[in-house]
Amino acid sequence: MASGGKILILKLHDRRLSLLLNGSRLLSARAQSDTAVAVGDICIGKVQNISRNINAAFIDLGNKYLTFLPITDAATAYVLNRRPDGSIKTGDEVLVQVIKEPMKTKLAGVTTRLSLTGQYAVVGVKPAGLRDGVQVSSKLDAEKQTHFRGLEELRKISERYRLIVRTNAGNLDSGETLLEEAETLADTLTHILEIAPSRTCYSCLYRNKPDYVSFVENAYRTEYEEVITDLPEVYDTLREPCRKADIPLRLYEDSLLPLYKLYAVEQRLQELTDKKVWLKSGGYLVIEPTEALISIDVNTGKYEAGKDKEETFYRINREAAEMIALHLRARNLSGMILVDFINQKSKEQETELLEYMRALLKRDPIPAKALDMTALGLMELTRKKVAPSLAEQLRSR
């Protein structure tokens with residue numbers, strides 16, 4: 001377990017912040033305002049329009065809150081106002097789940113492939129052709145994977161639904177807690193599908209847990225020791241899930257020194273929105289998000305090279321790689337990322353740097369990859385888009 005790691009949940013200005021701190025580093029951050037519809041919610045929406053040229057349907061969830069549904073989801077759509085036939089039409093009332101927040105000019109994304117996520121398991125509607133069997137996170141060791149796949153109770157759930165065992169289940173001493181959660185998720189999903197035909201359009205059949213609960217559940221348990229909040233309502237909501245997961249929870253009540261000041265939250269957030277990031281060596285990064293991609297430039301800065309200049313450049317590049325992996329996660333940067341490392345003559349060191357970056361990105365809870373080096377010597381990275389960047393979260397109204 002990480003020494004001194006903490007999750008802080010607090011209010012700053014008009015945002016509720018969820019922060020994962022480990023020592024002096026802010027590993028992950030989430031800024032959330034109160035919205036009518038949140039990721040994970042399951043609602044009955046109405047098809048307002050179908051655009052064949054972009055293979056999408058636009059679904060109204062009520063109050064003209066338009067969302068984007070890929071036409072490929074039509075085959076699995078739960079159409080409630082007529083007999084389903086594998087297609088969707090304008091005016092159809094369909095059961096959808098919000099899977100992506102609106103980003104910049106893009107609408108929120110929805111899917112007809114419903115699933116419920118817990119701390120240790122994901123239970124979802126089974127796609128056509130998927131064979132029975134428990135799916136287990138590849139990040140768990142082989143022994144744990146074999147153990148979970150062999151649990152008879154989990155196998156029974158997988159006969160009805162798609163069942164995925166998450167990485168966090170690796171911290172469990174037995175399968176009882178995992179089984180209890182998986183059964184609860186399966187029962188909840190069954191209930192949603194049963195009541196949907198009797199509900200009116202624009203009804204919300206399932207409200208996802210608050211964002212801070214998901215933040216706690218999705219954080220690697222090895223990265224923090226306790227959860228601290230100065231919000232009584234958050235404390236009350238987290239008491240039961242933290243008790244079940246054996247996570248220490250503390251309500252901070254010192255009015256003379258607010259929680260955000262104690263942990264210098266404003267300064268930490270400023271560091272995550274600045275373009276320039278200093279390295280311990282004296283070098284620095286310049287992080288520039290654009291509409292098309294994110295560019296990151298690595299500079300030697302104040303560092304004075306010794307006798308072996310190439311070895312010096314390699315050390316700075318490795319330090320930069322570590323900081324880049326940290327900031328991609330902390331800033332929630334995603335999409336296509338190009339990194340201009342300090343040029344090195346050695347192809348062997350260039351390959352070693354690429355492999356090192358790949359190893360660093362495997363630690364990220366969000367899928368991220370280092371693909372290759374371009375002909376111009378730029379490293380190509382990708383990181384899955386699941387939410388707006390931290391800067392966008394702090395700016396949005």
Side-chain angles (χ1 to χ4, degrees), residues 7-11 15-20 28-44 61 67 95-102 108-111 113-125 157 161-169 171-172 177-193 195-196 203-221 223-224 226-251 332 365-366 386-388 393:
I7 288 179
L8 307 180
I9 302 169
L10 51 91
K11 271 254 178 111
R15 292 289 183 273
R16 182 174 56 240
L17 302 175
S18 303
L19 310 170
L20 173 58
S28 183
R30 175 77 170 148
Q32 185 73 27
S33 60
D34 294 327
T35 55
V37 181
V39 170
D41 289 357
I42 298 177
C43 309
I44 300 175
L61 299 188
T67 60
L95 192 60
V96 294
Q97 183 171 30
V98 182
I99 55 171
K100 288 184 180 179
E101 298 178 24
V110 295
T111 182
R113 300 167 186 176
L114 312 181
S115 66
L116 302 179
T117 301
Q119 185 166 5
Y120 307 112
V122 178
V123 174
V125 174
I157 295 174
Y161 294 115
R162 182 180 188 180
L163 174 61
I164 303 171
V165 178
R166 303 184 63 197
T167 305
N168 275 337
N171 298 315
L172 298 174
T177 303
L178 169 63
L179 176 60
E180 180 183 345
E181 181 182 85
E183 288 178 335
T184 299
L185 294 173
D187 290 344
T188 302
L189 188 54
T190 299
H191 178 68
I192 291 168
L193 296 175
I195 66 172
S203 296
C204 186
L205 306 188
Y206 175 80
R207 291 283 184 191
N208 196 19
K209 63 196 74 172
D211 60 285
Y212 53 84
V213 177
S214 300
F215 188 90
V216 172
E217 291 180 347
N218 291 332
Y220 291 141
R221 187 66 182 88
E223 293 182 328
Y224 67 97
E226 64 174 337
V227 178
I228 307 172
T229 182
D230 58 358
L231 304 171
E233 67 276 15
V234 170
Y235 178 78
D236 290 340
T237 302
L238 285 174
R239 284 174 68 179
E240 185 59 18
C242 283
R243 183 193 66 77
K244 285 185 176 180
D246 195 26
I247 299 171
L249 173 66
R250 176 156 57 98
L251 179 62
N332 198 34
I366 304 298
V386 296
Q393 293 173 37

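Hydrogens, waters and symmetry mates play no part in the numbers below; they use all other heavy atoms, side chains included.
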For the side chain of N332 and the backbone of A387, is there at least one donor-acceptor N/O pair under 3.5 Å apart?
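Side chain of N332 to backbone of A387, a donor-acceptor pair under 3.5 Å: yes, one is there.
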Under a 3.5 Å distance rule, please check whether E101 uses its side chain to pair with a backbone N or O of P388 as donor and acceptor.
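Checking the backbone N and O of P388 against the side chain of E101, no donor-acceptor pair under 3.5 Å is found.
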Could you tell me if the side chain of [Y] sits less than 4.5 Å from the side chain of [X], heavy atoms only?
X: R162; Y: S115; result: no
X: N208; Y: V98; result: no
X: L163; Y: L185; result: no
X: L61; Y: V96; result: yes
X: K209; Y: E217; result: yes
X: I247; Y: R221; result: yes
X: K244; Y: E180; result: yes
X: R166; Y: N218; result: yes

Please round to the nearest 0.5 Å and tell me the distance separating atom [atom1] of [X] and atom [atom2] of [Y].
X: L249; Y: E226; atom1: CG; atom2: CD; value: 9.0 Å
X: I7; Y: L19; atom1: CD1; atom2: CG; value: 9.5 Å
X: T229; Y: Y212; atom1: OG1; atom2: OH; value: 8.0 Å
X: L189; Y: Y206; atom1: CG; atom2: OH; value: 9.5 Å
X: L205; Y: I192; atom1: CG; atom2: CD1; value: 7.0 Å
X: I42; Y: L116; atom1: CD1; atom2: CG; value: 5.0 Å

Kindly check if the number of other-residue, nucleotide or ligand heavy atoms within 6.0 Å of CG (D246) is above 12?
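Count not over threshold, so no.
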What heavy-atom pair brings G40 and Q97 nearest, and what distance separates the two atoms?
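Closest approach of G40 to Q97: O-NE2, 3.1 Å.
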